[in-house]
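Note sheet for the following structure.
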Amino acid sequence: MAFPKKYAALSDQEVVLNIQKARETLGSSLTILGHHYQRDEVIQFADYRGDSLALSRRAAEAKEARYIVFCGVYFMAETAAILCTPEQTVIQPVAEALCPMAQMARAADVAEAWEALTSVWGDDLVPITYQNSIAEVKAFVGRHGGAVCTSSNAPKLFEWALAQKGHLLFMPDEHLGTNSALSLGIPEEEIGIWDPADPPDPKELAHCKVVVWKGFCYVHEGFSVQDVQRVRKRYPQAKLVVHPECPRQVVELADSWGSTAGIIKEVDAAPEKATVAIGTEWHLVHRLQEENPEKLIVPLSRRTCAAMGMTSMRDLLYVLDQILQGDPVNVVKVDSEVAHWARLALERMLQVS
Ligand code: SF4
């Protein structure tokens with residue numbers, strides 16, 4: 001619980017009414033952004049819903065908004081702060097909502113991997129980082145000629161990187177990196193793993209084209225081959241769509257794979273009465289079923305993200321009240337030098353995709 005005790009004493013109805021009043025008072029000076037994995041009680045107040053990058057871009061476009069309240073996890077609000085103007089203030093309702101995967105790659109560890117790999121390949125190496133990474137890692141990548149990628153454009157960014165140099169280092173998700181490299185036809189034996197907890201001898205990776213960081217999203221990594229077998233048995237007619245943060249074996253057994261936005265498109269495109277089984281965070285799967293009652297949308301298994309679930313509507317009301325009192329809390333700030341290089345890495349991605 002990140003809000004003061006007085007908010008716990010309010011009924012749900014009072015919280016809803018007070019949020020509505022605060023939004024009316026703040027008008028166009030406020031934009032609330034909500035990631036697809038947020039709880040229903042929070043997402044109902046979002047002016048825009050989306051995946052992390054779409055929301056960050058929306059934040060940058062919402063020039064009229066003096067305050068951007070980002071309901072998601074920290075790296076998302078941080079990216080919004082990097083892309084926004086200095087006049088805008090980005091606020092995260094729960095400052096402690098951190099994505100565990102983004103925390104798995106620290107800039108110092110990335111620098112160590114970089115040094116080791118360049119000792120083998122010289123400067124024939126490009127870094128690519130997933131959007132789900134901390135600002136310092138994005139800045140490292142920007143400084144070294146690389147780019148950010150998302151789960152929807154990772155293969156495209158890999159192609160871009162490998163058109164320039166012979167090798168690429170990808171952080172922090174092993175599965176997205178492996179699935180993207182395999183989708184480009186890169187043989188398995190040319191995909192190496194960098195474990196920051198137990199760094200390999202870089203000479204052992206000399207034959208690799210792609211080196212992926214040993215990080216993972218515990219929500220998506222938890223989907224298993226057994227889940228696929230169970231769902232296939234129960235819903236033999238179902239189309240199975242999974243997120244590329246799932247392990248390779250699960251992605252290979254699925255009918256298709258794609259980002260959060262891609263999964264939503266697959267559901268939209270499915271014919272009436274179709275069954276779609278989805279391997280991603282449960283809140284999105286549940287909402288897609290509510291919004292598509294004429295289709296059957298089932299989770300591959302019911303997996304939720306604790307960090308995404310930390311934000312409640314009381315947290316949202318608290319930060320709105322603080323804005324109204326002229327004393328915003330949980331303001332997300334990024335060092336200007338870090339923001340400069342991270343922005344460059346983000347802009348390279350936007351140019352490529
Ligand atoms: S779903 Fe996975 S990648 Fe997304 S915030 Fe949660 S832990 Fe991080």
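Residue numbers count from 1 along this sequence. The figures that follow rest on heavy atoms only: side chains count, while hydrogens, waters and symmetry mates do not.
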Can you tell if the side chain of [X] reaches within under 4.5 Å of the side chain of [Y], non-hydrogen atoms only?
X: M104; Y: M171; value: no
X: H167; Y: V210; value: no
X: Q131; Y: L346; value: yes
X: V250; Y: W257; value: no
X: L316; Y: C71; value: yes
X: L168; Y: K209; value: no
X: F45; Y: V16; value: yes
X: V251; Y: T178; value: no

Do NZ/NE/NH1/NH2 and the carboxylate oxygens of [X] and [Y] come within less than 4.0 Å?
X: K214; Y: D198; value: no
X: R57; Y: D51; value: no
X: E266; Y: K239; value: yes
X: K138; Y: E78; value: no
X: R106; Y: D109; value: yes
X: D12; Y: R314; value: yes

Flag yes if more than 12 heavy atoms outside [X] fall under 6.0 Å of its [atom1] atom; otherwise flag no.
X: Q237; atom1: CD; value: yes
X: E188; atom1: CD; value: no
X: K63; atom1: NZ; value: yes
X: R234; atom1: CZ; value: no
X: K165; atom1: NZ; value: yes

Under a single-linkage definition using a 4.5 Å side-chain heavy-atom cutoff for Ile, Leu, Val, Met, Phe, Trp and Tyr, are I134 and L169 assigned to the same hydrophobic cluster?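 Linked, I134 and L169 end up in one cluster.
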Checking R348 side chain against G146 main chain: does a donor-acceptor pair fall under 3.5 Å? yes
Looking only at atom types and distance, does a side-chain atom of E190 sit under 3.5 Å from a main-chain N or O of P187, one as donor and one as acceptor?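 No: the side chain of E190 does not pair with the backbone of P187.
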Which of L320, V90, I91 passes side chain to side chain contact (heavy atoms under 4.5 Å, CB included) with P328? Answer is I91
Report yes or no: is the cationic atom of R302 (NZ for Lys, CZ for Arg) closer than 6.0 Å to the six-membered ring centre of W282, at no more than 45° off its axis?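 So R302 does make the cation-pi contact.
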Candidate pair H144 and W114, rule ring-ring contact (aromatic ring centres under 6.0 Å, His included), full reasoning: CA-CA 10 Å; H144 291 83; W114 185 259; 5.1 Å; yes
Between Y37 and T280, is any side-chain donor less than 3.5 angstrom from a side-chain acceptor? yes
Is it the case that the side chains of Y7 and D321 hold a donor-acceptor pair, with the cut-off being a distance below 3.5 Å and no angle test?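 Yes - a donor-acceptor pair under 3.5 Å links their side chains.
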E221, H220, E245 screened by side chain to side chain donor-acceptor pair (under 3.5 Å) with H175, the one that passes: E221
